[in-house]
Structures are given as structure tokens and as C-alpha cells.
Amino acid sequence: MPLVYIVEDDVNIREIQSYALKNSGFDVEEFECGKELAKALEVRIPNVILLDIMLPGRDGLKILEDLRADKTTAKIPVIMVTAKSTELDKVKGLDSGADDYMTKPFGIMELISRVKALLRRTETLAEPSLLTSGCIVVDTEKRSVTAAGQACELTFKEFELLKMLLVNQGIVLSRDKIMDQVWGFDYEGESRTVDMHIKTLRQKLGEGGSSIKTVRNVGYMMSREYES
């Protein structure tokens with residue numbers, strides 16, 4: 001059965017989450033802070049982490065950065081569950097590497113639905129460790145990117161966006177599909193979020209950025225290396 005780690009310092013919220021998840025067929029472990037989570041991760045890697053932001057000691061965003069920086073935990077799906085509800089808070093959490101973002105108070109049925117949806121999205125076939133297109137080379141294991149031999153420093157979301165484009169070379173991806181896979185199905189931002197990330201991605205890739213084609217009124221596509 002899927003294992004869910006809950007990192008939440010409010011014992012009442014934690015117990016409600018745990019009870020609902022267990023009744024839905026999940027195995028659950030609860031933690032009050034990042035230190036407890038770190039110890040548990042040394043023993044067992046969960047299928048999903050529910051992570052609060054305002055925690056004692058190291059806050060949730062810092063914990064998320066630690067998870068994404070470690071090869072062992074980098075790919076663990078993470079849902080931020082927090083009282084911080086502004087658009088800026090959501091963008092910050094998602095750009096830091098969260099796969100989904102829920103604001104308190106929330107419905108239990110919605111929580112279960114989000115966890116199940118995230119598991120469906122992340123249960124994909126293993127991808128090749130190296131993805132290439134023209135002068136662009138992406139190492140998914142090292143999470144490194146080079147373009148024309150030059151290293152490119154990308155944010156977590158820029159990397160995920162580039163990876164999605166490369167995996168689907170020659171296929172037009174709608175903005176909605178990109179938002180769904182890279183930012184999470186519930187993200188309420190407008191399409192300009194994708195457009196802004198495409199713009200910065202093109203700039204960082206230099207000459208390689210020209211491989212990312214705009215398909216008017218639809219979305220974007222990574223042209224195959226032999227296409228002009």
C-alpha cells in the first residue's frame with residue numbers, strides 16, 4: 001500500500017489527515033518537524049509527503065529545498081499543505097519544487113483526491129537519464145543542463161518544463177497540459193505563468209532556446225534536432 005509521510009506541527013490537523021488517509025488504504029507516518037522527517041527518510045522513502053510550511057525549526061520551503069537537492073529524495077512527490085494562500089505563496093512553493101499546493105482549511109475528500117491524482121501522475125515509466133535536442137543536453141539523474149557546451153542554471157520548475165518538452169519532442173503541448181504536469185492540476189495561475197517560464201528558459205538556453213517553438217493559440221513544442 002502507498003506510504004504517505006505527514007509533516008505537520010498541529011497535532012489535530014495531523015491526526016485528521018492521518019485518519020482519512022488510513023481509511024482510504026494508505027500507510028501513514030506522522031512527523032512534527034523536519035528533523036523527524038530526515039531521520040525517517042534514512043530508513044524508508046515514502047510515495048508522497050504532505051508538508052506544512054510553518055514548522056518549528058526549519059520551515060517547509062527549506063525542507064523542500066533539501067529534499068530536491070538530495071538525489072535520494074529528489075523525486076519524492078510533495079504536496080504543500082499550508083495556511084499561506086496568496087498567489088505569491090503558491091508560486092513560491094511550486095517553483096521551489098512542490099508538486100501540488102493545498103491551503104487550509106481543506107476538505108478531507110479533496111485531500112484524498114489530490115494524493116491519488118498525484119500518485120497517478122508520478123507513476124510513469126522510467127525515463128532515460130540523458131535527454132538531448134540539438135545542442136541541449138539534460139542529465140535527469142544529475143539534474144544538470146548544458147546548451148552548446150555551456151552549463152545552464154535552471155530553477156526546479158524550469159528544469160521540469162524543459163524535461164517535459166524534451167520527452168515529448170515533436171509533440172505540441174498545450175498550456176493546460178504543461179500546467180497540469182509541471183505545476184499541478186489545481187494550480188489557479190493564468191497561462192502567462194507558462195509563457196513567462198518559457199521566455200526565461202529560452203534566454204538561459206541561448207541558441208538552444210530557438211528549439212522551443214510557439215504554436216499559436218495552443219502552446220509549445222520542442223522541435224526535433226533535425227527540424228529547423
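Residues take their numbers from the sequence shown, with the count starting at 1.
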Which heavy atom in T140 sits nearest to a heavy atom in K163, and how many Å separate them? CG2-CD, 3.8 Å
Write down the atom of F26, the atom of K116, and the distance for their closest heavy-atom approach.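 Scanning both residues completely, I find the closest heavy atoms to be CZ-CG, 4.0 Å.
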Could you see if F156 belongs to whatever hydrophobic cluster contains L154? Use Ile, Leu, Val, Met, Phe, Trp, Tyr and a side-chain cutoff under 4.5 Å. no
Same apolar cluster (I L V M F W Y, side chains within < 4.5 Å links), I45/L3: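 Yes.
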Rounded to the nearest 0.5 Å, what separation is found between the CG atom of D70 and the CG atom of L41? 8.5 Å
Residues, nucleotides or ligands: over 12 heavy atoms within 6.0 Å of K177 NZ: no
Any donor-acceptor pair under 3.5 Å from [X] side chain to [Y] backbone:
X    : Y    : result
K157 : A98  : yes
Q169 : T132 : yes
N168 : I171 : no
R14  : E32  : no
S24  : A20  : yes

Any non-hydrogen side-chain atom of R68 less than 4.5 Å from a side-chain atom of V78?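 In short, these two side chains touch, coming nearer than 4.5 Å.
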